[in-house]
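Some notes on the structure that comes next.
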Amino acid sequence: MEQQVKTGLTKSSDSKKYGIIDCDVHPSPRNTEEIRAYMAQPWRDRYHGSTRGFFGNPVHGARLDATPPQGGPTGSDPEFLREQLIDKYGHAHAILLPRAFCNLQPDPDFGTAIAAAYNDWLADTWLSKYNHDGVFKGSITVNHQDPQAAAREIERWAGHPHFVQVMTDSGARAPFGQRQYYPIYEACERHGLPLAIHPGTDGMGINIQPSPGFPTHYIEWHTCLSLGFQAHLVSFLTEGVFERFPNFKIVLTEGGVSWLPGLMWRLNAEYKALRFEVPWMKRRPSDYLRDHVRLSSQPLERPDDDRELLQMLQMMDAEHILMFASDYPHWDFDSPTHAFPKLPEAMHRRIFYENARELYNL
């Protein structure tokens, strides 16, 4: 049967009425000195920029048309970003996730210093002098290798009018449900800030690769990023994090989408047989999702038949837990007008606007 491909937005859609809330936009400093300026010694002389190392896109890591006209890294020119993203698609807000890559550092103090410098830089630029209309909302970067220091960094910025969440990398030495991370979750819950988990340092620095070994190619590494997210989510659930912190929420950002229904079916079946092992879980694992878990849509796995994607979105309760993300300015950018097939009106409105508005109190 011939497939009918439709776009997710039309000129008359509610996205134009309310404005899109884009939950994964990556700003970049113009140069390393912008970050070094916020560092004390000895960190300033040690810092030479943060990169992901050898698992990088071997062709182009960003959209070729996203390089600012005046030069500089992609995502470093706020006016050009507004032109290509905010103004073009009618965004109400862009949730900014800078890429500090601080969590791969063997020295936890150095990682914490990098996180703090990125937060100072973001607050002074994208969240202030570039933000005359309040369209940009930021993420507090933390180094999860030192949870106590991460909690202090959250305390330092909690209450800022434009920081709306905490963020860290999915690359880690232990699953995130384990108790050493509790100081981060306590601080997030105390201040009503969700924790966004974003890929970037899986299998790099001191972090463990979420697979039987290290991949040969970027395509293998990038495809399997979702494995880390699955492991962290199962850990959050089975360790009872959401029972211990009943108002704590997480956002799984850029970790894929379609794996969620099957994972929850499997975990629900395991829980039915093994719930005596985790008596702190008061509900089936899948029953925690709507209250505690959100996913951002990019990368959205798109099957050949859009009807199958719509079925998957219904299976995962996308109307209540999925939020739109573009991943601008990266190579795998998802356009608001092409990433989704035609959605039911209520689902469309919630994915592109309402779920994020409620989560971030916008």
For the side chain of Ser297 and the backbone of Ala325, is there at least one donor-acceptor N/O pair under 3.5 Å apart? yes
List the steps and the verdict of salt bridge (Lys or Arg N to Asp or Glu O under 4.0 Å) for Asp133 and Arg82. CA-CA 12 Å; Asp133 52 2; Arg82 283 177 177 273; 2.9 Å; yes
Leu263 with Leu225, same ILVMFWY side-chain cluster at under 4.5 Å: no
Within the structure provided, determine whether Thr141 and Thr168 are in side-chain contact (heavy-atom separation under 4.5 Å). no
Pair Tyr38, Asp124 - check side-chain hydrogen bond (donor to acceptor under 3.5 Å, both in side chains), show working. CA-CA 10 Å; Tyr38 293 100; Asp124 284 350; 2.9 Å; yes
Is any side-chain heavy atom of Met264 closer than 4.5 Å to a side-chain heavy atom of Leu260? yes
Phe136 side chain near His93 side chain, heavy-atom distance below 4.5 Å: no
Between Pro246 and Glu189, the two heavy atoms sitting closest are N-OE2, 3.1 Å
Closest contact, heavy atoms only, Pro68 versus Ser76: CG-OG, 3.9 Å
For the residue pair Phe176 and His144, is the inter-centroid distance of their aromatic rings smaller than 6.0 Å? yes
Taking a hydrophobic cluster as the set of Ile, Leu, Val, Met, Phe, Trp and Tyr residues connected by side-chain heavy atoms closer than 4.5 Å, whether directly or through intermediates, do Tyr47 and Phe101 fall within one such cluster? no
Using the salt bridge (Lys or Arg N to Asp or Glu O under 4.0 Å) rule, take Arg349 and Glu354 through it: C-alpha gap first, then chi angles, then the decisive distance, then the call. CA-CA 6 Å; Arg349 185 173 63 250; Glu354 289 183 358; 2.9 Å; yes
In a check of side chain to side chain contact (heavy atoms under 4.5 Å, CB included) between Leu295 and each of Leu233, Leu322, Asn355, which one passes? Leu322
Under the salt bridge (Lys or Arg N to Asp or Glu O under 4.0 Å) rule, what pairs show up with a residue in residues 91-114, not counting sequence neighbours? Arg46-Asp107, Arg99-Asp169
Take Ser170 and His232 through the side chain to side chain contact (heavy atoms under 4.5 Å, CB included) test and state the conclusion after the steps. CA-CA 8 Å; Ser170 59; His232 286 314; 4.3 Å; yes
What residues, two or more places apart in sequence or in another chain, satisfy side-chain contact (heavy atoms from CB on, under 4.5 Å) together with Ser258? Glu301, Met312
My understanding is that only residues two or more places apart in sequence, or in another chain, count here; which of them pass salt bridge (Lys or Arg N to Asp or Glu O under 4.0 Å) with Asp45? none
If you round to the nearest 0.5 Å, how far is CG of Asn247 from CZ of Arg190? 13.0 Å
Would you say Val164 and Leu359 make side-chain contact, with heavy atoms under 4.5 Å? no
Would Asn268 and Ser286 count as a side-chain hydrogen bond (donor to acceptor under 3.5 Å, both in side chains) if you check the C-alpha gap in whole Å, the side-chain angles of each, and the deciding distance to 0.1 Å? CA-CA 7 Å; Asn268 280 348; Ser286 61; 2.9 Å; yes
Indicate yes or no for a side-chain donor-acceptor contact from Gln84 to the backbone of Asp65 under 3.5 Å, with no hydrogens or angles considered. yes
In the structure I gave you, are the side-chain heavy atoms of His91 and Leu85 within less than 4.5 Å of one another anywhere? yes
Pairwise distance CD(Gln148) to OG1(Thr112) - rounded to 0.5 angstrom: 11.0 Å
Show me the donor-acceptor pairs within less than 3.5 Å that the side chains of residues 269-278 make with the rest of the protein, sequence neighbours left out.
unit_1	atom_1	unit_2	atom_2	d
Tyr271	OH	Met281	O	3.0
Arg275	NH1	Lys272	O	2.6

Interatomic distance, OH@Tyr182 vs SG@Cys188, rounded to 0.5 Å, equals 14.0 Å
Could you tell me whether a side-chain N or O of Glu220 sits under 3.5 Å from a main-chain N or O of Thr216, the two making a donor and an acceptor? yes
Ala113: side-chain contact (heavy atoms from CB on, under 4.5 Å) partners, not counting sequence neighbours: Trp43
Main chain of Val135, side chain of Asn131: is a donor-acceptor contact present, judged purely on distance under 3.5 Å? yes
Salt bridge (Lys or Arg N to Asp or Glu O under 4.0 Å) partners of residues 242-266, not counting sequence neighbours, each pair once: none
Mind checking whether Phe248 and Phe245 have parallel, tilted or perpendicular rings, split at 30° and 60°? perpendicular
Assess the side chains of Gln105 and Asn143: does a donor N or O sit below 3.5 Å from an acceptor N or O? no
Any donor-acceptor pair under 3.5 Å linking the side-chain atoms of Thr201 with those of Asn207? yes
Set of side-chain contact (heavy atoms from CB on, under 4.5 Å) partners for Ala123, sequence neighbours left out: Trp157, His160, Phe163
Verify, without hydrogens or angle tests, whether Arg44 (side chain) and Met39 (backbone) share a donor-acceptor contact under 3.5 angstrom. yes
Beyond-backbone contact of Gln165 with Ile95, side-chain heavy atoms, under 4.5 angstrom: yes
Assess the residue pair Gln298 and Asp332 against the criterion (side-chain hydrogen bond (donor to acceptor under 3.5 Å, both in side chains)); give the C-alpha distance rounded to whole Å, side-chain angles, the decisive distance to 0.1 Å, and a yes or no. CA-CA 8 Å; Gln298 194 283 334; Asp332 48 352; 3.2 Å; yes
Arg179: which residues meet the salt bridge (Lys or Arg N to Asp or Glu O under 4.0 Å) condition with it, sequence neighbours left out? none
Residue pairs involving residues 303-336 (criterion ring pair (Phe, Tyr, Trp, His ring centres under 6.0 Å); sequence neighbours excluded): His26-His330, His222-Trp331, Phe324-Phe352
Given the rule that I, L, V, M, F, W and Y join up when any side-chain heavy atoms are under 4.5 Å apart, are Trp221 and Ile208 in one cluster? no
Does the ring center of Phe236 lie less than 6.0 Å from the ring center of Phe242? yes
Are Leu97 and Leu104 connected in a single hydrophobic cluster, I mean Ile/Leu/Val/Met/Phe/Trp/Tyr linked by side-chain heavy atoms less than 4.5 Å apart? no
Residues forming a salt bridge (Lys or Arg N to Asp or Glu O under 4.0 Å) with Glu33, sequence neighbours excluded: Arg36
Rounded distance [0.5 Å steps], CG in Asp146 versus SG in Cys102: 11.0 Å
Side-chain donor-acceptor pair under 3.5 Å between Thr253 and Asp24, yes or no? no
For Phe214 together with Phe54, are the ring centres under 6.0 Å from each other? no
Is Leu195 reachable from Leu122 through a run of I, L, V, M, F, W or Y residues, each pair having side-chain heavy atoms under 4.5 Å apart? yes
Please enumerate all residues that pass salt bridge (Lys or Arg N to Asp or Glu O under 4.0 Å) together with Arg156, with sequence neighbours excluded. Asp120, Glu153
Just checking, any donor-acceptor pair under 3.5 angstrom between side chains of Asp334 and Ser326? no
Connected to Met315, directly or through other members, by ILVMFWY side-chain contacts below 4.5 Å are Trp265
CZ-CG distance between Arg290 and Asp317, expressed to the nearest 0.5 angstrom: 4.0 Å
Are the side chains of Ile250 and Pro194 in touch, meaning some heavy atoms are under 4.5 Å apart? no
Heavy-atom distance under 4.5 Å between the side chains of Phe55 and Pro215, does that happen here? yes
